[in-house]
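Counting starts at 1 for both ligands and their atoms, in listed order. Quick caveat, the model's predicted, so the values are computed rather than measured.
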Amino acid sequence: MQILKDPKEFQQLCLEWRAQGQRLALVPTMGAYHAGHQSLMVAAKASDARVLVSLFVNPAQFGPGEDLAAYPRTPERDAEIAGAAGVDVLFTPDPHAMYEPDHVTWVDVPALTQTLCGISRPDHFRGVCTVVLKLLLLSQAHLAIFGEKDWQQLAVIRRAARDLNVPVEIRGCPTVRETDGLALSSRNVYLTPEERAQAPQLQAGLQQARELALRGERSASALHAAARAHWAGHLPLGREEYLSLVHPHSLEHMDTLGETAVMACAVRLGKARLIDNILLS
Ligand code: PAF
């Protein structure tokens, strides 16, 4: 596996591979790898492509007072994991190499980002979309792979790529969970043992809503109430930030469950802010 820091070198190599007719699959990451990241690398490998993984803790997607400095960083371990997963290139740029001091150009998708996580993190998705578009332009990848845990992120990136005619397939991969149901996240390390014990109840609450939907309930408020009732009993340390039934692609709020919808939530649990979702169809 090659480890490249310089964006120009990375782009040069990708362009050479493309010129040779090779297919390129990109997995954008911020490091601190867990089995969720590994599953994205495995999916990229299975796509019969050169596998490019970017490891960049993107300052532009952290708001003031957020955990940019504290975000877990395990670069040596990450390189071992990427190497073992058969990654061809690990791209690890420095922030100043990705953003010129007078950088002023942003990719913004307001219709999909002024809701859900965007309410408490107003500039977050602008930072995500901008860095992902930069990575797509550097790599010219045919395929880019993201986890479905960050459902809103995936929807926003899909929309930006479609609206800007970026010639890439954006693919989502299922959330990887601990055996007790907690979605894997690099930020789970912030949980105390007591918070960690309650954290799986986040998904369990969403499953209560899904069971009610399977029994025929269509009202969003009734489905929300089922999740909240479960959290009240089993997740007392959690502070709900939002819980919402939305269309999977437009992220528009739904009062009534249609053919397909996603129930998405964010809950603060001590220092951690956990997000999760469930598909209801
Ligand atoms: O999901 C992440 O880890 C990040 O938001 C991403 C997509 C790598 C952009 O920095």
Out of all atoms in ligand 1, which are within 4.0 Å of some heavy atom of [X]? Include the element for each.
| X | answer |
| --- | --- |
| V131 | 9 (C), 10 (O) |
| Q153 | 1 (O), 2 (C), 4 (C), 5 (O), 7 (C) |
| P28 | 8 (C) |
| Q61 | 4 (C), 5 (O), 9 (C), 10 (O) |

Q) Has E194 got more than 12 heavy atoms of other residues, nucleotides or ligands less than 6.0 Å from its CD? A) no

Q.
N58 and side chain to side chain contact (heavy atoms under 4.5 Å, CB included): which single residue from V131, L135, L68, T130 fits?
A.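 Exactly one option meets the side chain to side chain contact (heavy atoms under 4.5 Å, CB included) with N58, and it is V131.
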
Q) Can you name the nearest heavy-atom pair linking S250 to L112, along with the distance? A)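 Heavy-atom minimum between the residues: O-CG, 3.8 Å.
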
Q.
Just to be sure I read this right, does ligand 1 sit under 4.0 Å from the backbone of I157, its side chain, both, or neither, counting only heavy atoms?
A. neither

**Q.** Nearest-contact summary for atom 3 (O) of ligand 1 - protein heavy atom, Å
**A.** M30 CG, 3.6 Å

Q. Who are the side chain to side chain donor-acceptor pair (under 3.5 Å) partners of T260, not counting sequence neighbours?
A.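 Side chain to side chain donor-acceptor pair (under 3.5 Å) check on T260 returns nothing, list empty.
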
**Q.** Residue pairs fulfilling ring pair (Phe, Tyr, Trp, His ring centres under 6.0 Å) with at least one residue in residues 87-106, sequence neighbours excluded
**A.** F10-F91, Y99-H103, H103-W106

